Amino acid sequence: HAKHGGRNRLAEFVPAMTAAAQRSAVLERELRRAIEHEQLAVHYQPQFECSTGRLIGVEALLRWRHPDHGPVSPAEFIPIAEESGLIVQLGAWVLQRACADVAAWEQAGGPALTVAVNMSARQLREPGFIDDVTRALAQSGLAPHRLELELTESLLMEDVPGAIAFMQAIRAIGVRLAIDDFGTGYSSLAYLQTFPINQLKVDRSFVQLLPGRGGTIIHAVLALARGFGLSVVAEGVEEQRQLEWLRHAGCDVVQGFLLGAPMAPDAFAARFLSGPDERTG
Ligand code: C2E
Ligand code: MG
Ligand code: MG
Ligand code: MG
């Protein structure tokens, strides 16, 4: 029976598509529940000054451990949070946690670290976002220059005048700005002189190509950054020889699994903030 056969062939195909769509619908529902039930956590990855090996800051990275499915990657749930608008609420919460944790470590006698928080395009367009930032700073007592917002090139290019206005408002309250995953997007180099940023984060794909071609690109980024008075963070440092190369080249800050993976606040404090010993290069 032809009709029946057709349906059977289709049936082999449709469930796969439905499964992907369903997974995303289920994840959105579960993400709402996770926010309500506080199943989300902010983890911290250390950042070190390249020339001295001194711990100078952290990047805040959102984590979701689903009670049944285990850890869900931000690469999977951040896009869902963006599409559903949940990222606005979630992003405000990350800001608040990040500022509170870093301020608390300092109050407990730790060093005055900076904290970098990732941003989504949706937050940038949200009129209340600047208020969220000032509230997170006020509630934690963290000085504005200790907070840094990470923006991607694609986010900035979506609406350049809007992005510049946003960046000026952020800089006006003293908060710093970085371009994340630098070199992988489509922004024009000309924008580096118009965007009021403080830092470039070289994408880990270049760090992983070191020395060779990755080296050529990172040398160029370092020269550009110096010209514009920006500092450079190399992310995704996994090998000692990459670290050596970056130190020789004059990179400012390094971050990566070699130096420390993202960790829960308690684990971070236990590993990096307890005891008098300082990490030296
Ligand atoms: P990102 O901002 O570029 O963060 C760096 C990512 O690289 C993190 O992945 C981190 O765990 C990973 N990483 C760090 N060191 C190494 C290394 O040496 N080797 C390798 N292979 N990877 C390394 P993660 O935590 O899975 O986050 C993925 C992305 O999700 C982030 O990329 C960021 O774009 C986004 N994200 C995470 N948290 C947030 C958040 O709170 N808000 C928003 N809007 N986005 C977030
Ligand atoms: Mg980042
Ligand atoms: Mg990055
Ligand atoms: Mg990224």
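Order of appearance sets the numbers: ligands from 1, and atoms from 1 within every ligand. What you see is a predicted model; the values in this text were computed from it and never measured.
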Enquirer: N/O of E82 under 3.5 Å from N/O of ligand 1, yes or no?
Expert: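 In this structure, E82 places no N or O atom under 3.5 Å from an N or O of ligand 1.
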Enquirer: Are R32 and E36 ion-paired here, with the side-chain N under 4.0 Å from a carboxylate O?
Expert: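 The answer is no: the pair does not qualify as a salt bridge.
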Enquirer: Backbone, side chain, both or neither: what part of L62 comes under 4.0 angstrom of ligand 1, heavy atoms only?
Expert: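 Looking at L62 and ligand 1, atoms from backbone and side chain both fall under 4.0 Å.
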Enquirer: Would a distance-only check, ignoring hydrogens and angles, find a side-chain to backbone donor-acceptor pair under 3.5 Å from R247 to C50?
Expert: yes
Enquirer: Quick one: which residue pairs count as a side-chain hydrogen bond (donor to acceptor under 3.5 Å, both in side chains) with a foot in residues 195-214, not counting sequence neighbours?
Expert: E59-K201, E150-K201, Q199-S231, K201-Q255, D203-S205, Q208-E238
Enquirer: If you have a sec, read the angle at the Mg ion (ligand 2) from N118 atom OD1 over to E150 atom OE1, to 10 degrees.
Expert: 90°
Enquirer: Indicate, as side chain, backbone, both or neither, the part of V42 found under 4.0 angstrom from ligand 1 when only non-hydrogen atoms are considered.
Expert: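 Under 4.0 Å from ligand 1, V42 contributes no heavy atoms.
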Enquirer: Over all heavy atoms of both residues, which pair between L177 and P196 is shortest? Give the atoms and the distance, please.
Expert: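 The answer is CD1-O, 3.5 Å.
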Enquirer: Have a look at the Mg ion (ligand 3) and estimate, to 10 degrees, the angle subtended by OE2 (E235) and OD1 (D181).
Expert: 90°
Enquirer: As a check for students: among I87, V254, L61, identify the option with a heavy atom nearest to atom 31 (C) of ligand 1.
Expert: L61
Enquirer: Quick check: F166 with F129 (ring centres under 6.0 Å apart)?
Expert: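 Ring centres of F166 and F129 closer than 6.0 Å.
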Enquirer: Heavy atoms only, cut-off 4.0 Å: how does P262 contact ligand 1, side chain, backbone, both, or neither?
Expert: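 The side chain, only.
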Enquirer: Using a 3.5 Å cut-off on N or O atoms only, is A60 in polar contact with ligand 1?
Expert: no
Enquirer: Using heavy atoms and a 4.0 Å limit, tell me yes or no: is G91 in contact with ligand 1?
Expert: no
Enquirer: Has Q242 got a side-chain atom pairing as donor or acceptor with E239's backbone, closer than 3.5 angstrom?
Expert: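 Yes.
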Enquirer: Output yes if D203 passes the N/O/S-under-2.8 Å test against the Mg ion (ligand 3); output no otherwise.
Expert: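 Not a single backbone or side-chain N, O or S atom of D203 is under 2.8 Å from the Mg ion (ligand 3).
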Enquirer: Taking the minimum heavy-atom distance to atom 25 (O) of ligand 1, which of H43, R63, Q45 ranks first?
Expert: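 Of the listed residues, R63 has the closest heavy atom.
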Enquirer: Salt bridge (charged side-chain N to carboxylate O under 4.0 Å, His left out): which pairs involve residues 90-102, sequence neighbours left out?
Expert: R97-D101
Enquirer: About how many Å separate CZ of R241 and CG of L246, when rounded to the nearest 0.5 Å?
Expert: 11.5 Å
Enquirer: Just how far is it from atom CZ of F206 to atom CD1 of I217, taken to the nearest 0.5 Å?
Expert: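 The CD1 atom of I217 is 4.5 Å from CZ of F206, to the nearest 0.5 Å.
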Enquirer: Applying a heavy-atom cut-off of 4.0 Å, say which part of I78 lies close to ligand 1: side chain, backbone, both or neither.
Expert: side chain
Enquirer: How open is the angle at the Mg ion (ligand 2) from atom OE2 of E59 over to atom OD2 of D180, rounded to 10 degrees?
Expert: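 For OE2 of E59 and OD2 of D180, the angle centred on the Mg ion (ligand 2) reads 180°.
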Enquirer: Are any of the N or O atoms of S73 closer than 3.5 Å to those of ligand 1?
Expert: no
Enquirer: Within a distance under 4.0 Å of any heavy atom of E238, pick out the atoms of ligand 1 and give their elements.
Expert: 17 (C), 18 (O), 19 (N), 20 (C), 21 (N)
Enquirer: Would you call R122 and E82 a salt bridge, taking side-chain N to carboxylate O under 4.0 Å as the test?
Expert: no
Enquirer: State whether a side-chain donor-acceptor pair under 3.5 Å links E30 with H66.
Expert: yes
Enquirer: Suppose I only count heavy atoms of V94 and a 4.0 Å limit; which atoms of ligand 1 are within that range?
Expert: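 Per the distance check, 41 (O).
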Enquirer: Would F257 count as a polar contact of ligand 1, with the cut-off being nitrogen or oxygen pairs under 3.5 Å?
Expert: yes
Enquirer: If you take the nearest heavy atom of each of Q123, R204, E235, which one is closest to atom 7 (O) of ligand 1?
Expert: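 Answer by nearest heavy atom: R204.
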Enquirer: Nearest heavy atom to atom 46 (C) of ligand 1: which of D180, D203, N118, L259 does it belong to?
Expert: N118
Enquirer: Establish, yes or no, whether a centroid distance under 6.0 Å links the rings of H219 and W245.
Expert: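 That pair passes the under 6.0 Å test.
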Enquirer: Does ligand 1 have an atom that lies less than 4.0 angstrom from a heavy atom of E59?
Expert: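 It does; at least one heavy atom falls under 4.0 Å.
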Enquirer: Below 4.0 angstrom from a heavy atom of G256, which ligand 1 atoms are there? Numbered from 1 as shown, please.
Expert: 15 (N), 18 (O)
Enquirer: Assert yes or no for the condition that the ring centre distance of W105 to F272 is strictly below 6.0 Å.
Expert: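 That pair fails the under 6.0 Å test.
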